[in-house]
**Q** 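Here you go, one structure.
The chains referred to below are lettered A, B, ... by the order of the sequence lines, with proteins before strands, and numbering in each begins at 1. If you're wondering where the values come from, they're calculated on a predicted model, not measured in any experiment. Quick note: numbers below take in every heavy atom, side chains included, and nothing from hydrogens, waters or symmetry partners.
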Protein chains: 2
Amino acid sequence: MGTAAAGDDDRMALLRFVERFALVLREAGMAPMPARVFAYALADDADRYTAGELARGLDVSPAAISGAVRQLVQFGLLVREREPGTRSDLYVLDDRDLWSRFMAAELATLQRFEDAVTGGVDLLGLDRPGGRRLAETRDFMAFLRAEIDGAVRRWPAERDRLAAGRRPASTG
Amino acid sequence: MGTAAAGDDDRMALLRFVERFALVLREAGMAPMPARVFAYALADDADRYTAGELARGLDVSPAAISGAVRQLVQFGLLVREREPGTRSDLYVLDDRDLWSRFMAAELATLQRFEDAVTGGVDLLGLDRPGGRRLAETRDFMAFLRAEIDGAVRRWPAERDRLAAGRRPASTG
DNA sequence: AACACACTTCACACATGTGTGAAGGATCTG
DNA sequence: CAGATCCTTCACACATGTGTGAAGTGTGTT
């Protein structure tokens, strides 16, 4: 019986973490249910889930899962797969370059930011204080976007470097 | 009369831009009214505003301004000042290193992100797939945070370089 | 061909958050 | 000291968005 109780504790601890993680994702603009599903898929051990597994794992209604996975698939964080001879879609979180793809979406947001500000610069011109402030804002956004883009491109190499540093014996 | 009509057109165009800009800021997590006030203070020509000027300029109630400026002051995007012998606070958008300060707050969010994920790594350990995914996530967040931090530090110099490039005659 | 199952869609109850209008407090003016 | 003005606070009406339960659709099973 001790084993079962420990398993329940583990699961509760996992769900608490999922809520904590999801809260941060929500602050970053993600909707509540997609945030939960994503956090759960990332933290639990499986690498592919049916909609039903997600619903039971998070203890929410299948209807809530439906909308959440659609948004996550559209966002590119989850991929829908279909095993022949089964009637359930499988949702897989392909962790290969997951965060690079995530950041690509963030960079698009930054681009929209930049576009909006550029419209303001065109409207006001550089002769007025407001226009000059907006121009500096636009320049900063462009600079930041280029820097983040570069960092995201460098990440795969950096990740491999970190992994090599942590497994110094596996060089051959 | 043509002048007055053109002024109205300009003001309407400005307010349209403010709404567009505010929408992007809201997508980035800012509340609607603070987003509008900030966008307006940035884009309009004055560099300091009373609460009443903001209310009239945006055509919203003074009550709405009150909450918005408090949040912006707390956030560090607006500074409250008091001219002696007047009964109105002045809100000034000190544009000196405005975006560096803005990004400092964003970096704090990223730090919370990292902390939440680190908690998950401690919970799950590196022997389970979920734990390993979370560990890579944590490493990415740390990497990205360091990169953005570096970029923000480089920005003042980059800004001056851009300004110098646009005014090549004003070298001495 | 009928059934069973898994997921999706839809309408609704619910919670959350937002801006307005009215009342209250503080500060300068006469 | 009375009056006026400006801002703030509070309660409310409103809109927005969220997750559940029930009905509907498609697919594999018997």
Side-chain angles (χ1 to χ4, degrees), chain A residues 15 18-41 46 48-75 78-93, chain B residues 15 18-41 46 48-75 78-93:
Chain A
L15 287 183
V18 164
E19 281 304 322
R20 218 171 25 245
F21 192 3
L23 206 66
V24 182
L25 289 170
R26 287 175 60 181
E27 288 177 12
M30 198 178 286
M33 198 54 99
R36 278 193 275 267
V37 169
F38 177 68
Y40 179 79
R48 53 195 72 227
Y49 305 84
T50 66
E53 286 167 352
L54 293 172
R56 285 188 296 275
L58 284 167
D59 195 28
V60 297
S61 74
I65 300 295
S66 182
V69 293
R70 176 161 24 133
Q71 202 165 332
L72 287 170
V73 166
Q74 188 180 352
F75 207 61
L78 233 48
V79 174
R80 203 190 310 256
E81 285 188 356
R82 193 57 170 269
E83 206 77 18
T86 183
R87 72 193 145 202
S88 301
D89 283 339
L90 287 174
Y91 296 98
V92 354
L93 182 142
Chain B
L15 287 182
V18 164
E19 281 305 321
R20 220 174 21 248
F21 192 2
L23 205 65
V24 182
L25 289 170
R26 287 176 59 181
E27 286 177 13
M30 198 177 287
M33 198 54 102
R36 277 194 276 267
V37 169
F38 177 68
Y40 179 79
R48 54 195 71 225
Y49 304 84
T50 66
E53 284 168 353
L54 293 172
R56 284 188 297 276
L58 284 166
D59 196 28
V60 297
S61 76
I65 299 295
S66 182
V69 293
R70 177 161 23 138
Q71 202 165 333
L72 287 170
V73 166
Q74 189 180 350
F75 207 61
L78 232 49
V79 175
R80 203 190 309 257
E81 286 188 355
R82 193 57 170 270
E83 206 76 20
T86 182
R87 74 194 144 201
S88 300
D89 282 338
L90 286 175
Y91 296 98
V92 353
L93 182 142

**Q** Take B:G52 and A:A31, find for each the nucleotide of DNA chain D with the closest heavy atom, and name the residue whose nucleotide sits nearer the 5' end.
**A** B:G52

**Q** When the distance from CG of B:L78 to P of D:dC7 is rounded to whole Å, what number comes out?
**A** 14 Å

**Q** Atom CD of B:Q71 and atom C1' of D:dT8: how far apart are they, to the nearest Å?
**A** 16 Å

**Q** Taking for each residue the nucleotide of DNA chain D bearing the nearest heavy atom, is the 5' side occupied by A:P62 or by A:R87?
**A** A:P62

**Q** For residues B:T50 and B:L90, determine if any side-chain heavy atom of one lies less than 4.5 Å from a side-chain heavy atom of the other.
**A** yes

**Q** Rounded to whole angstrom units, what separation is found between the CG atom of B:L90 and the C1' atom of D:dC7?
**A** 13 Å

**Q** Mind checking B:A64 for me? I need base, sugar-phosphate or nothing, with any heavy atom below 4.0 Å counting as a touch.
**A** base

**Q** Tell me: CG of A:L58 to P of D:dT20, nearest whole Å?
**A** 10 Å

**Q** Tell me, do A:Y91 and A:D89 make a side-chain contact under 4.5 Å, heavy atoms counted?
**A** yes

**Q** A:L23 CG to D:dT18 P: how many Å, rounded?
**A** 14 Å

**Q** Mind checking B:Y49 for me? I need base, sugar-phosphate or nothing, with any heavy atom below 4.0 Å counting as a touch.
**A** nothing

**Q** Could you tell me whether a side-chain N or O of B:Y40 sits under 3.5 Å from a main-chain N or O of B:L54, the two making a donor and an acceptor?
**A** no

**Q** In whole angstrom, give the distance that lies between atom CD1 of A:I65 and atom P of C:dT8.
**A** 10 Å

**Q** Is the phosphate of C:dT8 approached by A:R80 (side-chain N or O, under 4.0 Å from OP1 or OP2)?
**A** yes

**Q** Tell me if the centroids of the rings in B:F75 and B:F38 come within less than 6.0 Å of each other.
**A** no

**Q** Mind calculating the distance between CE (A:M33) and C1' (C:dC14) to the nearest angstrom?
**A** 14 Å

**Q** Of the nucleotides D:dG21, C:dT18, D:dC6, which one has an atom closest to the side chain of A:A63?
**A** D:dG21

**Q** Atom CZ of A:R36 and atom C1' of D:dG17: how far apart are they, to the nearest Å?
**A** 13 Å

**Q** Can you tell me if B:R70 touches the phosphate of D:dT9, counting only side-chain N or O atoms and a distance under 4.0 Å to OP1 or OP2?
**A** yes

**Q** Taking only the side-chain heavy atoms of A:V60 (C-beta and beyond), determine which of D:dT18, D:dT20, C:dT18 contains the nearest atom.
**A** D:dT20

**Q** Using a heavy-atom cut-off of under 4.0 Å over every strand shown, decide if B:S88 touches base, sugar-phosphate, or nothing.
**A** sugar-phosphate

**Q** Between CE of B:M30 and CZ of B:R36, what distance do you get to the nearest 0.5 Å?
**A** 12.5 Å

**Q** Counting heavy atoms from C-beta on, name the nucleotide in C:dT8, C:dT27, D:dT27 closest to the side chain of B:R82.
**A** C:dT27

